[in-house]
**Student:** 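First, the structure itself, so that you have it in front of you.
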Amino acid sequence: QVKQGWLLVHSVYRPGLALVEQSKHEDAGGMVITIGLEGASAYVTRDGEQLRFRGGHTTVTAFRHTSGERRFEANQRAAQLRVLVGEEALARYWPEGVASLLPDGGARQLAHTATTAASTQHARALLRATDPLAVHIGVLSLLADQLQALRPAPAPVPRWSKADTLKLE
């Protein structure tokens, strides 16, 4: 636990048999940033929504009041670095709140893209970090990268205001 509402998880699985792990977030919500370090896995919600994770890719998922199963294939190594940001903690950086992303609850994959060089660098630093401040900075840096990518590009500001245009005309 990085701090209240923030969790950093480094997981490495290589199950001999297919592995299904129950996951419940029925009383909570937030965002999960998953950096796929190696292999692949999946998450299937109780509603049948399928989320896929794979090495070299970053997946951003919003969730509210959901449960499901994390699935790993037999004899396949899967390694991930996950940052879980609780709903209250996320509200500071995403004022619209998780409800704006999931009005009816559940889980929704917001992004699944090749991991950027910056995110790879943050993930490597987090895997080596022992200092709590370095961990906190790394987690915030990953979150900042992902939130910036999720926000729509700002609308271009006209060079001339409407009042200036009227004056020129």
Side-chain angles (χ1 to χ4, degrees), residues 1-15 19-47 49-72 77-102 105-116 118-151:
Q1 184 169 338
V2 177
K3 67 182 239 175
Q4 184 66 33
W6 297 78
L7 191 63
L8 177 65
V9 179
H10 177 216
S11 60
V12 179
Y13 290 96
R14 186 181 176 95
L19 174 65
V20 175
E21 183 180 74
Q22 298 297 317
S23 175
K24 291 188 178 194
H25 300 282
E26 293 176 344
D27 59 344
M31 181 176 283
V32 182
I33 300 165
T34 305
I35 308 289
L37 303 172
E38 183 182 343
S41 70
Y43 182 85
V44 180
T45 68
R46 68 172 179 245
D47 303 330
E49 178 85 23
Q50 292 197 15
L51 310 171
R52 303 229 176 255
F53 308 94
R54 63 184 172 140
H57 287 74
T58 299
T59 306
V60 180
T61 308
F63 67 94
R64 282 187 87 214
H65 314 295
T66 191
S67 63
E69 300 173 341
R70 297 187 66 220
R71 297 180 180 180
F72 299 89
R77 182 178 158 97
Q80 299 171 340
L81 184 68
R82 291 192 311 272
V83 174
L84 290 85
V85 184
E87 197 164 359
E88 286 182 29
L90 183 62
R92 178 173 182 175
Y93 306 101
W94 191 270
E96 302 88 342
V98 174
S100 70
L101 303 168
L102 293 167
R108 181 173 157 214
Q109 189 168 294
L110 304 174
H112 180 76
T113 59
T115 302
T116 65
S119 290
T120 298
Q121 187 176 7
H122 297 315
R124 285 183 183 150
L126 280 168
L127 290 170
R128 291 188 314 267
T130 55
D131 175 51
L133 181 58
V135 171
H136 196 115
I137 290 169
V139 166
L140 283 172
S141 297
L142 274 175
L143 179 64
D145 288 350
Q146 299 311 311
L147 291 182
Q148 183 177 2
L150 289 175
R151 293 208 183 277

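Keep in mind that the numbers below use all heavy atoms, side chains included, and drop hydrogens, waters and symmetry copies.
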**Student:** Look at atom CD of E88 and say whether more than 12 heavy atoms of other residues, nucleotides or ligands are closer to it than 6.0 Å.
**Tutor:**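 No, CD of E88 has 12 or fewer neighbouring heavy atoms, counting only those of other groups under 6.0 Å.
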**Student:** Are L126 and L142 side-chain neighbours, meaning at least one heavy-atom pair lies under 4.5 Å?
**Tutor:**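 Of all side-chain heavy-atom pairs linking L142 with L126, at least one is under 4.5 Å.
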**Student:** Find the distance between OH (Y93) and CD (Q148) and round it off to the nearest 0.5 Å.
**Tutor:**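 Between Y93 OH and Q148 CD, I get 15.0 Å after rounding to 0.5 Å.
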**Student:** How long is the straight-line distance from CG of L81 back to CZ of R124, given to the nearest 0.5 Å?
**Tutor:**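 If we round to the nearest 0.5 Å, R124:CZ and L81:CG are 12.5 Å apart.
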**Student:** Are the side chains of E21 and E69 in contact, using a 4.5 Å heavy-atom criterion?
**Tutor:**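 Contact flag for E69/E21 side chains = no.
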**Student:** So, the side chain of T45 versus the backbone of E49: is there a donor-acceptor pair under 3.5 Å, distance only?
**Tutor:**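 Indeed, once roles are kept as given, a pair shorter than 3.5 Å links the two residues.
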**Student:** Does a sphere of radius 6.0 Å around CD in Q1 hold more than 12 heavy atoms from other residues, nucleotides or ligands, not counting ones at 6.0 Å or beyond?
**Tutor:**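 Buried by this count: over 12 neighbours within 6.0 Å.
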**Student:** Could you tell me if the side chain of L110 sits less than 4.5 Å from the side chain of M31, heavy atoms only?
**Tutor:**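 Yes - at least one pair of side-chain heavy atoms lies under 4.5 Å apart.
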**Student:** Can you list the residues that meet the side chain to side chain donor-acceptor pair (under 3.5 Å) rule with H10, with sequence neighbours excluded?
**Tutor:**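 Testing H10 for side chain to side chain donor-acceptor pair (under 3.5 Å), a comparison that skips the adjacent residues, returns none.
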**Student:** Does the side chain of S11 come under 3.5 Å of the side chain of R82 through a donor N or O and an acceptor N or O?
**Tutor:**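 A donor-acceptor contact under 3.5 Å links the two side chains.
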**Student:** Evaluate side-chain contact (heavy atoms from CB on, under 4.5 Å) for Q146 paired with S119, printing each intermediate quantity in order.
**Tutor:** CA-CA 9 Å; Q146 299 311 311; S119 290; 3.3 Å; yes
**Student:** Any idea which heavy atoms bring A134 and A129 closest together, and the distance?
**Tutor:**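 Of all heavy-atom pairs spanning A134 and A129, the closest is CB-CB, 4.2 Å.
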**Student:** Which value, rounded to the nearest 0.5 Å, describes the distance between Y43 atom OH and Q50 atom CD?
**Tutor:**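 Y43 atom OH to Q50 atom CD measures 12.5 Å (nearest 0.5 Å).
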**Student:** List the atom of A89, the atom of G5, and the distance in Å for their closest heavy-atom pair.
**Tutor:**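 The pair with the smallest heavy-atom distance is CB-O, 4.0 Å.
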**Student:** Is Q22 atom CD crowded by more than 12 heavy atoms from other residues, nucleotides or ligands, each under 6.0 Å away?
**Tutor:**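 Buried by this count: over 12 neighbours within 6.0 Å.
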**Student:** Exactly one of L140, L133, V139 should register a side chain to side chain contact (heavy atoms under 4.5 Å, CB included) with I137. Which one does?
**Tutor:**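 Result: among L140, L133, V139, L133 is the only option passing the side chain to side chain contact (heavy atoms under 4.5 Å, CB included) with I137.
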**Student:** Applying side-chain contact (heavy atoms from CB on, under 4.5 Å), run through L84 and V9 and close with a yes or a no.
**Tutor:** CA-CA 8 Å; L84 290 85; V9 179; 4.0 Å; yes
**Student:** Which heavy atom of G138 sits nearest a heavy atom of H122, and at what distance?
**Tutor:**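 Looks like O-CB, 4.4 Å.
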**Student:** Could you tell me the separation between the CZ atom of R77 and the CZ atom of F72, rounded to the nearest 0.5 Å?
**Tutor:**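 These two atoms lie 12.0 Å from each other.
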**Student:** Test L143 against W6 for side-chain contact (heavy atoms from CB on, under 4.5 Å), laying out the working first.
**Tutor:** CA-CA 11 Å; L143 179 64; W6 297 78; 3.4 Å; yes
**Student:** Do D145 and I33 have side chains that approach each other closer than 4.5 Å (heavy atoms only, starting at C-beta)?
**Tutor:**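 They are not in side-chain contact.
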**Student:** Would you say that H112 contacts R54 through its side chain, given a criterion of any heavy-atom pair below 4.5 Å between the two side chains?
**Tutor:**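 They are in side-chain contact.
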**Student:** State whether the side chain of T115 and the backbone N or O of T58 hold a donor-acceptor pair below 3.5 Å, judged by distance alone.
**Tutor:**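 Here the side-chain-to-backbone pair exists.
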**Student:** Looking just at side-chain N and O atoms, do Q80 and S41 make a donor-acceptor pair shorter than 3.5 Å?
**Tutor:**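 Their side chains do contain a donor-acceptor pair, which is all the 3.5 Å distance test asks for.
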**Student:** Under 3.5 Å, is there a donor-acceptor pair between the side chain of H57 and the main chain of G55?
**Tutor:**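 Yes.
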